[in-house]
Protein chains: 2
Amino acid sequence: MGKQFLEITEKKEVDAIIACVAAEVAKARAAKTDASVEKVKVAEALGRSVSADVFSALNVPPFDRAIMDGYAVVASDTFYADENNPASLIINGSISAGESPLQRIDKGYCMGISTGAPLPGGANATVKVENTSEYADNVEGKKTKKVKVYKPVAPGENIMLAGSDIKRGERIVRRGTTLTPRETGVLAACGLNEVAVHKKPIVAIISSGNELIAPGEDLEPAKIYDVNSQALSDSVRECGCSPYFLGIARDNIEDISGRLNESLEKGVDVIIISGGTSAGVGDPLPKVIEELGEILVHGVDIKPGKPFIFGTLQGKPFFGLPGNPTSALVTFNLFVAPLLRTISGIPVQNHEKGGGRKEKRIKAKAAQRIFSERGRNEYVLVNLVSAKKPEEASVIAYPILTGSGAITTLAKADGYIFMEKGKEIIEEGEEVYVELLTNLFASKKLYQKIP
Amino acid sequence: MGKQFLEITEKKEVDAIIACVAAEVAKARAAKTDASVEKVKVAEALGRSVSADVFSALNVPPFDRAIMDGYAVVASDTFYADENNPASLIINGSISAGESPLQRIDKGYCMGISTGAPLPGGANATVKVENTSEYADNVEGKKTKKVKVYKPVAPGENIMLAGSDIKRGERIVRRGTTLTPRETGVLAACGLNEVAVHKKPIVAIISSGNELIAPGEDLEPAKIYDVNSQALSDSVRECGCSPYFLGIARDNIEDISGRLNESLEKGVDVIIISGGTSAGVGDPLPKVIEELGEILVHGVDIKPGKPFIFGTLQGKPFFGLPGNPTSALVTFNLFVAPLLRTISGIPVQNHEKGGGRKEKRIKAKAAQRIFSERGRNEYVLVNLVSAKKPEEASVIAYPILTGSGAITTLAKADGYIFMEKGKEIIEEGEEVYVELLTNLFASKKLYQKIP
């Protein structure tokens with residue numbers, strides 16, 4: 001059974017409902033890997049999320065290698081050597097990085113060796129070149145190259161044993177890791193040029209409204225340009241998913257249900273519609289969802305975003321976001337992003353997860369008194385300006401008063417402050433947490449100096 | 001004149017030399033826009049850096065629009081109206097979002113109007129539907145739809161005037177802005193579907209070493225897999241540039257100069273070689289640079305990264321990084337990234353820039369005593385673990401002792417602590433700043449819970 005229209009649900013409950021659906025969907029995806037996993041070239045894997053633990057098929061290094069330029073020796077030949085009584089060894093050729101030693105060495109012999117070269121059989125240490133001096137000597141009437149060793153080495157000294165860095169079978173990248181240049185480097189070190197990653201979920205995006213036209217088209221009278229399809233597509237990309245734009249729907253049952261069915265036929269994983277979510281007469285969307293699927297949430301006790309809709313269509317999560325661009329982005333961040341990150345395999349960036357650096361949350365000081373509507377969970381949109389202090393970084397948050405309908409609000413709103421029911425005033429200078437609306441905030445905002 | 005080999009330069013001086021070259025190159029690029037600027041679809045512009053201020057060609061909203069459902073009225077008709085003496089107006093049709101009003105209204109008349117619809121001529125305010133009631137009346141023996149208005153409205157009330165959000169000619173996106181979903185949304189709002197962005201500089205990447213083979217190939221005896229070409233390519237991508245991999249060079253003058261000339265012919269903007277930077281006999285690289293261009297730096301007073309090389313080849317910045325993967329990444333972050341960000345138009349992420357959130361720098365507590373080599377500027381590689389405290393986020397930094405040659409160091413090293421010459425001990429629990437090796441740290445490290 002679906003909920004009554006605008007039967008307001010508490011935010012916490014909405015989070016729980018969405019988390020539950022997200023977990024189901026993620027589980028279902030994980031079950032049929034063909035739908036959720038793909039192999040990609042490591043060269044194209046930066047930023048992708050690894051779908052299974054990766055293990056090394058080989059030892060790193062694959063052989064005992066010298067880590068100093070010098071001479072590969074039998075350590076015991078050098079014991080007790082010092083400046084006055086150096087050990088003297090016959091040089092049996094030399095070996096440099098990339099070459100494989102042709103012969104082994106026995107006691108009394110050594111081999112010139114360069115950093116990274118494999119240790120010849122018989123040798124178990126490397127003497128640094130600094131602690132030696134070469135000389136020519138006569139051995140059985142034959143001129144012979146020898147080296148004096150002025151310092152003893154212990155077995156294993158100045159060499160790196162095969163597998164001492166990474167053992168064959170050792171786990172090198174953990175499932176769920178978002179690949180950075182470090183992990184792609186580690187994969188390369190183990191000789192891998194392919195890796196299994198989570199497929200990007202496909203998210204259908206529909207804008208609804210009779211007044212909307214697409215950017216690039218000529219502006220007709222009474223029309224305005226569609227903002228949300230662009231802003232939401234890019235927000236979807238930031239969550240590691242692929243947007244699939246289904247165009248602008250007119251505010252009538254046929255057009256909307258047509259596009260919803262189209263996206264279901266295309267096999268998308270999630271559906272987002274913005275606009276037409278209020279329960280007014282002119283808003284067919286809720287009716288359509290009731291027909292095609294199930295409405296689990298219609299109305300949340302937050303501002304902006306009250307008329308938010310969440311439900312399922314044939315098991316696919318469905319989001320109905322407000323038409324106001326800023327409200328749409330706020331509700332996207334609150335409700336859609338966590339679900340997308342869960343099913344895309346990218347860890348949820350959410351301060352409730354606790355720990356360390358918050359990718360999308362920063363501390364700031366309120367620039368002025370901020371008021372919230374009584375008895376409302378309010379998300380106050382703020383513009384952030386960095387107070388240029390040399391050391392201790394500090395950011396000032398200015399509330400934006402133009403309202404969630406204005407595009408300038410979208411342009412200015414770097415993030416929002418949550419004022420929970422009961423919290424009605426934030427004092428000037430009070431420290432607040434600001435949730436950023438987008439990932440790419442910092443680079444844009446706080447470093448404006450461009451060549 | 002080029003510097004002597006391994007005439008150690010102070011880090012500060014190296015920074016200055018590189019910054020100076022970076023500024024020159026950026027200036028030169030800016031001069032010939034065909035080389036530095038391209039138009040891209042807004043739909044593909046997320047994360048790109050805008051090359052020139054963008055101005056709106058139209059008013060937003062383009063017309064006076066209602067921001068409430070109700071009735072478009074002549075405000076003066078409603079003055080003095082209240083519950084007992086409502087104003088009474090003849091309803092002259094209605095208009096909804098996306099429609100253009102066909103006729104204007106005069107005093108004594110009104111028009112039903114829905115949120116987002118254009119205000120009809122003559123009207124200068126909207127009365128909320130809540131403050132009205134419709135009824136039928138007889139006007140000159142003719143049944144007529146009328147509405148009672150119980151509350152007065154001032155001129156301009158409940159409407160948004162054309163251009164009150166964004167004025168024609170107003171700047172909507174500033175030059176150098178990295179586009180987020182907000183900016184792409186604002187561009188869409190102004191009807192734009194194309195935007196001019198900085199072209200991605202092309203960075204040639206060469207790995208040098210006789211022992212190296214490419215991942216995916218069979219491992220031959222005495223060989224190891226090339227790590228740096230992968231790790232550096234992805235680091236280059238993180239700086240908003242396009243890597244151009246020129247393969248693995250053998251340690252001889254012909255092969256190296258051949259690949260350098262090839263990259264110059266390809267017209268790359270920057271060249272990075274890793275490996276073969278020390279001044280040893282087996283290292284032809286410095287000689288090659290001396291021949292083809294100019295060495296400005298060879299040797300820095302830091303560890304790791306001492307044998308770092310910086311110079312120019314036919315005016316193109318050239319970097320010679322150590323072969324050790326971790327040393328290569330550290331020197332990349334210290335010296336290459338700032339230059340790449342400068343010329344790619346992406347603001348430099350560098351704490352010296354001051355202000356606000358540091359994309360790549362976080363505070364942490366030392367897990368144990370950390371020692372630095374006397375009289376050395378040392379970058380101590382650390383592994384970060386988040387101490388799971390509910391509120392105040394805190395991160396513990398563990399020094400990594402496996403050395404910059406080990407791949408496990410690369411795998412573990414989330415970042416590094418700078419211990420300046422003179423600072424030889426960091427106490428356990430001491431607060432330190434950690435520079436992250438890669439951008440994507442947070443999502444990987446601090447949120448390991450995956451479905």
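In what follows, chains are A, B, ... by sequence order, proteins preceding strands, each numbered from 1.
- Neither the backbone nor the side chain of B:Asp69 comes within contact range of chain A; no heavy atoms are under 4.5 Å apart.
- Neither the backbone nor the side chain of B:Arg29 comes within less than 4.5 Å of any heavy atom of chain A.
- Options B:Ala406, B:Pro243, B:Pro101 differ in how many heavy-atom pairs under 4.5 Å they form with chain A, and the most are formed by B:Ala406.
- When all heavy atoms of A:Val60 and A:Cys190 are compared, the pair lying nearest together is CG2-SG, 4.3 Å.
- In this structure, B:Leu232 and A:Pro181 have side chains that are not in contact, with every pair of non-hydrogen atoms separated by 4.5 Å or more.
- Looking only at heavy-atom pairs under 4.5 Å with chain A, the residue among B:Asn210, B:Thr184, B:Val186, B:Val227 that has the most is B:Thr184.
- Using a 4.5 Å cut-off between heavy atoms, A:Leu329 contacts chain B through its side chain alone, with no backbone atom that close.
- The heavy-atom pair separating B:Asn228 from B:Asp226 by the smallest distance is N-OD1, 3.3 Å.
- Residue B:Ser100 touches chain A through both its backbone and its side chain, counting heavy-atom pairs closer than 4.5 Å.
- With a threshold of 4.5 angstrom between heavy atoms, B:Leu219 approaches chain A through side-chain atoms but not through N, CA, C or O.
- In this structure, B:Thr326 OG1 and B:Lys412 NZ are separated by 10.5 Å, a value rounded to the nearest 0.5 Å.
- When the candidates B:Glu170, B:Arg250, B:Lys223, B:Arg237 are compared by the number of heavy-atom contacts under 4.5 Å with chain A, B:Lys223 comes out ahead.
- Closest non-hydrogen pair, A:Asn333 versus A:Leu437, comes out as ND2-O, 3.0 Å.
- Ranking A:Gly116, A:Ala97, A:Ala364 against chain B, the residue ahead of the rest is A:Ala97, based on heavy-atom pairs under 4.5 Å.
- For the pair B:Arg341 and B:Glu238, the tightest heavy-atom approach, listed with the atom from each and the gap, is NH2-O, 3.7 Å.
- Neither the backbone nor the side chain of A:Thr402 comes within less than 4.5 Å of any heavy atom of chain B.
- If you measure heavy-atom distances from B:Ser114 to chain A, you find no contacts under 4.5 Å at all.
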Could you check B:Leu179 against B:Val50 for side-chain contact (heavy atoms from CB on, under 4.5 Å), going step by step and ending with a plain yes or no? CA-CA 7 Å; B:Leu179 291 172; B:Val50 173; 3.5 Å; yes
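- Residue A:Ile213: no heavy atom, backbone or side chain, is found under 4.5 Å from chain B.
- In this structure, the side chains of B:Leu58 and A:Tyr225 come closer than 4.5 Å at one or more pairs of heavy atoms.
- Considering only heavy-atom pairs separated by less than 4.5 Å from chain B, the leading option among A:Ala413, A:Pro61, A:Ser235 is A:Ala413.
- Between chain A and the residues B:Pro325, B:Ala22, B:Pro221, B:Ala43, the largest count of heavy-atom pairs under 4.5 Å involves B:Ala43.
- Of all the listed residues (B:Pro118, B:Ala45, B:Ser229, B:Ala189), the one sharing the greatest number of non-hydrogen pairs under 4.5 Å with chain A is B:Ala189.
- There is no contact between B:Ile95 and chain A, counting heavy-atom distances below 4.5 Å.
- A salt bridge links B:Asp414 with A:Arg182: the closest approach of a Lys/Arg side-chain nitrogen to an acidic carboxylate oxygen falls below 4.0 angstrom.
- With sequence neighbours left out, B:Ala188 forms a side-chain contact (heavy atoms from CB on, under 4.5 Å) with A:Pro215, A:Gln230.
- By number of non-hydrogen pairs under 4.5 angstrom with chain A, the leading residue of B:Ile407, B:Thr408, B:Asn193 is B:Ile407.
- For the residue pair B:His198 / B:Ser49, a side-chain donor-acceptor distance below 3.5 Å is found, with atom types taken as modelled.
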